[in-house]
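These notes are about the structure you will find just below.
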2 protein chains.
Amino acid sequence: MADVKPIGKALFLREEELRLGIELMFFAYRDFTGEADSILAEQHMGRAHHRAIYFIGRNSGITVSDLLTILCITKQSLSRVLSGLMQDGYVFQKPGATDRRQRLLYLTETGIGLESRLTSLQGRRFAAAYREAGVDAVDGFQRVLRGLLDSDTIDQIAQQDQTRDI
Amino acid sequence: MADVKPIGKALFLREEELRLGIELMFFAYRDFTGEADSILAEQHMGRAHHRAIYFIGRNSGITVSDLLTILCITKQSLSRVLSGLMQDGYVFQKPGATDRRQRLLYLTETGIGLESRLTSLQGRRFAAAYREAGVDAVDGFQRVLRGLLDSDTIDQIAQQDQTRDI
DNA sequence: GTTTTACGTCAGCCATGTTGACCAATATAG
DNA sequence: CTATATTGGTCAACATGGCTGACGTAAAAC
């Protein structure tokens, strides 16, 4: 922070606290994803495959363009990953009922199996962290993370939740 | 979670809560890093440069091997980034006083400037999130993130803090 | 004096992001 | 019905940032 010098103790703590947040995000994200990465590597997959599998599992029958909106990557990047997943039997597609241009994406049994394995692994890590930290901490954790989001992302998550509730 | 079926309400909420955590981590990390990425792109740098600059700034005079330990990448990957940063005048090195094989890394004025810009940007995002969420939430946030860390990482952070306090 | 340590470097591979251009099928508005 | 917009795929080319393996060099440590 260029404008915050460590003169008063309050200010010093403020900068330290912000840096701690930045660093915790870096380390926690790395460790949190690293565990799944090793399973994925066995299947000759990367994090991009994981993200696709996760969000297809979470939003069964999602269209390609909705998945693109969630992932914020180009359709060329996604296409490469998706064709791999379909070829290897983790994902299949059905044409949309009302709009037949759409290819609705679903996990196969194999895909569901892999998704479960990965999510259960990451879920266990979260469950342990939640247990250690306590219920109130979990609430705070979620509130701060929501505060870090771009407003577009907030809208997107809200919309996604709505879709799932139907 | 393969073993947690949405039969009882408590179990259902548990799985939803874990998935919410997983998703919030993904979205928050993406949005949190994305802002800095655009500044870095202007300077023809990537996230790898950012990480190096951040941790050199944070641990002025750090050795290459200690930086490697923090970043968990190979020396070849780091070397590519570091030589770029030195060539472009963001980082310089001094031989270690006691062990002259070591190359202690420091930010130049330019490097300090860029680090400030980036950290201040990310710090503002955190400050806003902290303000919205409240003091108790911040504590919970940090506790949960710590709980997500690998034990090696915890040791590492502790050691790093100690070094800085000297 | 030999071995270990702390670097550097070259060569090449892979995953995953990017842009730009172009094509096909279908939906929708005029 | 026709024109346009939307959904999605595809090819080519490129950058970044991981990786491995191999090899070199200077200095510390035994």
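Keep in mind it's a predicted model, so treat the numbers as computed, not measured. Below, read A as the first sequence line, B as the second, and so on, with proteins coming before strands; counting in each chain starts at 1.
The side chain of A/Gln76 lies closest to C/dG20, out of D/dG8, C/dT26, C/dG20. For B/Val64, the listed nucleotide lying nearest its side chain is C/dG8; candidates were C/dT18, C/dG8, C/dA27. Checking C/dC7, C/dT16, D/dG17 against the side-chain heavy atoms of B/Arg103 singles out C/dC7 as nearest. The B/Ser79 side chain lies nearest to C/dT9 when the options are C/dT18, D/dT10, C/dT9.
Residue contacts for A/Ser83: at a heavy-atom cut-off of 4.0 Å it reaches no nucleic acid atom on any strand shown. Among the heavy atoms of the strands lying under 4.0 Å from B/Ser65 are primed sugar atoms or P, OP1, OP2 only; no base atom is included. Residue contacts for B/Arg47: at a heavy-atom cut-off of 4.0 Å it reaches the sugar-phosphate backbone alone, with no base atom in range. Among the atoms of the strands shown, base atoms are found under 4.0 Å from some heavy atom of B/Thr74. Residue contacts shown for A/His44 are absent, as no nucleic acid heavy atom lies under 4.0 Å away.
The only member of B/Phe32, B/Phe55, B/Tyr54 that meets ring pair (Phe, Tyr, Trp, His ring centres under 6.0 Å) when paired with A/Phe26 is B/Phe55. Only one option out of A/Leu18, A/Ile22, A/Asp150 pairs with B/Arg125 in a side-chain contact (heavy atoms from CB on, under 4.5 Å); it is A/Asp150.
Closest approach of B/Gln156 and B/Ile70 over heavy atoms only: NE2-CA, 3.3 Å.
Sparse packing is recorded around CD of A/Gln159, with 12 or fewer heavy atoms of other residues, nucleotides or ligands lying under 6.0 Å away. Dense packing is recorded around CD of A/Glu42, with more than 12 heavy atoms of other residues, nucleotides or ligands lying under 6.0 Å away.
A donor N or O paired with an acceptor N or O is found under 3.5 Å between the base of C/dG17 and the side-chain atoms of A/Arg80.
The interatomic distance linking A/Leu78 (CG) with D/dG9 (C1') rounds to 11 Å, in whole Å. Distance CG (B/Leu68) to P (C/dA6): 11 Å, rounded to an integer number of Å.
For D/dG17, the OP1/OP2 oxygens have a side-chain nitrogen or oxygen of B/His49 closer than 4.0 Å. Regarding contacts with the backbone of C/dG17, a side-chain N or O of A/Arg51 is found under 4.0 angstrom from either OP1 or OP2. OP1 or OP2 of C/dA6 has not a single side-chain nitrogen or oxygen of B/Thr63 nearer than 4.0 Å. Contact annotation: B/Arg101 does not reach the phosphate of D/dA28 (side-chain N/O to OP1 or OP2, under 4.0 Å).
Along DNA chain C, the nucleotide nearest B/Leu82 and the nucleotide nearest A/Val81 are compared for position; the residue whose nucleotide lies closer to the 5' end is B/Leu82.
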